[in-house]
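First comes the structure, then the notes that go with it.
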There are 2 protein chains.
Amino acid sequence: MVLKLRKKATALPGCPMSKCMDLLGGCWTPEVLWSLSEGPRRFSELRRDSPFISAKVMTSRLRDLEQRGVLTRTVMPTSPPTVEYELSELGKELLPAIRSIVEVGTRLLLRDTSS
Amino acid sequence: MVLKLRKKATALPGCPMSKCMDLLGGCWTPEVLWSLSEGPRRFSELRRDSPFISAKVMTSRLRDLEQRGVLTRTVMPTSPPTVEYELSELGKELLPAIRSIVEVGTRLLLRDTSS
DNA sequence: CTTTCAGGTAACCAACTGGAAACTGCCGAC
DNA sequence: GTCGGCAGTTTCCAGTTGGTTACCTGAAAG
C-alpha cells in the first residue's frame, strides 16, 4: 500500500522503470494485482481480500487499471449483478515484478523476526 | 516518478508486500535505488542521473531512505564537502525487486515499439 | 572582488488524493 | 414491507506532497 499515483506525471518516455511503475504505482495497486494473480475475482471478494482499501479507492483503482489495459471487467447478467475482474495479458506480464516484491518482503520479514 | 509515500500509513504488520513497498514506495525512490545499485554515488551525481527529480525531493528521499536503513550517508571532510550515498545490506536486498521492475518495464517497452 | 561549485535548507503554494458517510437500483429472503 | 447484499457513485473534507524560488557556508578559481 502506501502508494499514490500522480495524474499529471506520465511515464518518462523510454524509461523502463517509469513504464512499469506507471502501471503498478498507485495506492494499493500492488495489492489488487496480487489478489488477482491467482485468477478472476469479484468486487466483493477483492474487498474482502483487502478490507483496509475503501470502496471508493478500490473502484477507482480498478477503473484505472481497466483503462490502462491491465485487467478486464465483465458484468454478468445475473441478479444481483456480478462483476468479474481478471488480469489481461498485459496484467500478467506485471506479475514477475509483483512476485519479486512479495519475495523480497517475505525475506525482510523473516530477517526481522529471526534477529 | 509518479510515486508517493504516505506518511501515516505504515506497513501492515506481517504483510510482505507492505513491508517491501514501505521501503521502495515513495516518489522516485525506485529511480534513486537504481542509480545506487552499481555503487556509491554523490549527491550531485544522483541529481545528474535523474534531472527531473527536484533537489528538495531528492534530499527528502535520501533522508527517508537513510532513516529506514536502506542506505548510508557519508560526509567526506573535503572542501567543498563531498557526500557519498551507498546502499546498505538492507538496500541491497531490495535490488531483486527493482531489477524485476526494470525487466518487466523493458519488456513492455519492446512490446510497444514492435507492435 | 565576484563567481562557481558542493550540498543542502526554508518558505510558500497548489494540487491530487484518500477517507468517511450517505445514497442508489434491483432482487431474493424473512 | 423491509432488510440485506451486490456493486458501485457522489459529496465533502483535510492532509500530504511535490515544485519553485530564494538563500546559506566555505573554498578555490578567474
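In what follows, every chain begins at residue 1, and chains take the letters A, B, ... in the order their sequences are listed. Both backbone and side-chain heavy atoms feed into the values below; hydrogens, waters and symmetry mates do not.
In this structure, B/E103 and A/P96 have side chains that are not in contact, with every pair of non-hydrogen atoms separated by 4.5 Å or more. At a threshold of 4.5 Å between non-hydrogen side-chain atoms, the residues A/T29 and A/V70 do not count as touching. By the 4.5 Å heavy-atom criterion applied to side chains, A/T74 and A/E86 are not counted as neighbours. Residues A/R61 and A/I53 form no side-chain contact, since every pair of their non-hydrogen atoms from C-beta on lies 4.5 Å or further apart.
B/T78 comes within 4.0 angstrom of nothing in the nucleic acid, heavy atoms only.
For the side chain to side chain contact (heavy atoms under 4.5 Å, CB included) with B/C20, the lone residue among B/D22, B/L24, B/L23 that qualifies is B/L24.
Per the geometry, CG belonging to A/L62 stands 11 Å off C1' belonging to D/dA7, to the nearest Å. If you take CD1 of A/I53 and P of C/dG19, they are 9 Å apart, rounded to a whole angstrom. Separating the CH2 atom of A/W28 from the P atom of C/dC16 is a distance of 22 Å, rounded to the nearest angstrom. Across the protein-nucleic acid pair, A/E84 atom CD and D/dC6 atom C1' stand 14 Å apart, rounded to whole Å. Protein atom OH of A/Y85 is 11 Å distant from nucleotide atom C1' of D/dC6, rounded to whole Å. Rounded to whole Å, atom C1' of D/dT16 lies 13 Å from atom CG of B/D64.
Summarising the geometry, atom CG belonging to B/L94 is positioned 10.0 Å from atom CD1 belonging to A/I101; distances are rounded to the nearest 0.5 Å. Interatomic distance, B/R73 CZ to B/Q67 CD, rounded to the nearest 0.5 Å: 12.5 Å. Atoms CZ and OG, on A/R68 and A/S88 in that order, are 12.5 Å from each other to the nearest 0.5 Å. Interatomic distance, A/I98 CD1 to A/S100 OG, rounded to the nearest 0.5 Å: 10.0 Å.
With salt bridges taken as basic N to acidic carboxylate O contacts below 4.0 Å, one links B/E89 and B/K92.
Under the 4.5 Å side-chain contact rule for hydrophobic residues, A/V75 and A/L36 share a cluster.
If you check residues 39-51 of chain A against DNA chain D, the residues with a heavy atom closer than 4.0 Å are A/R42, A/F43, A/S44, A/R48, listed by number.
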Interface polar pairs with nucleotides 25-30 of chain D, N/O, under 3.5 angstrom:
from	atom 1	to	atom 2	distance (Å)
D/dA27	O4'	B/S79	OG	2.9

Show the distances under 3.5 angstrom between N or O atoms of the protein and N or O atoms of nucleotides 9-12 of chain C.
from	atom 1	to	atom 2	distance (Å)
C/dT9	OP1	B/R63	NH2	3.3

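Taking the side chain of A/V57 as heavy atoms from C-beta on, and the options C/dG18, D/dG19, D/dG8, the nearest nucleotide is C/dG18. Counting only heavy atoms from C-beta on, B/T82 has its side chain closest to C/dG7 among C/dG8, D/dG19, C/dG7.
For C/dT17, neither phosphate oxygen OP1 nor OP2 lies less than 4.0 angstrom from any side-chain nitrogen or oxygen of A/R61.
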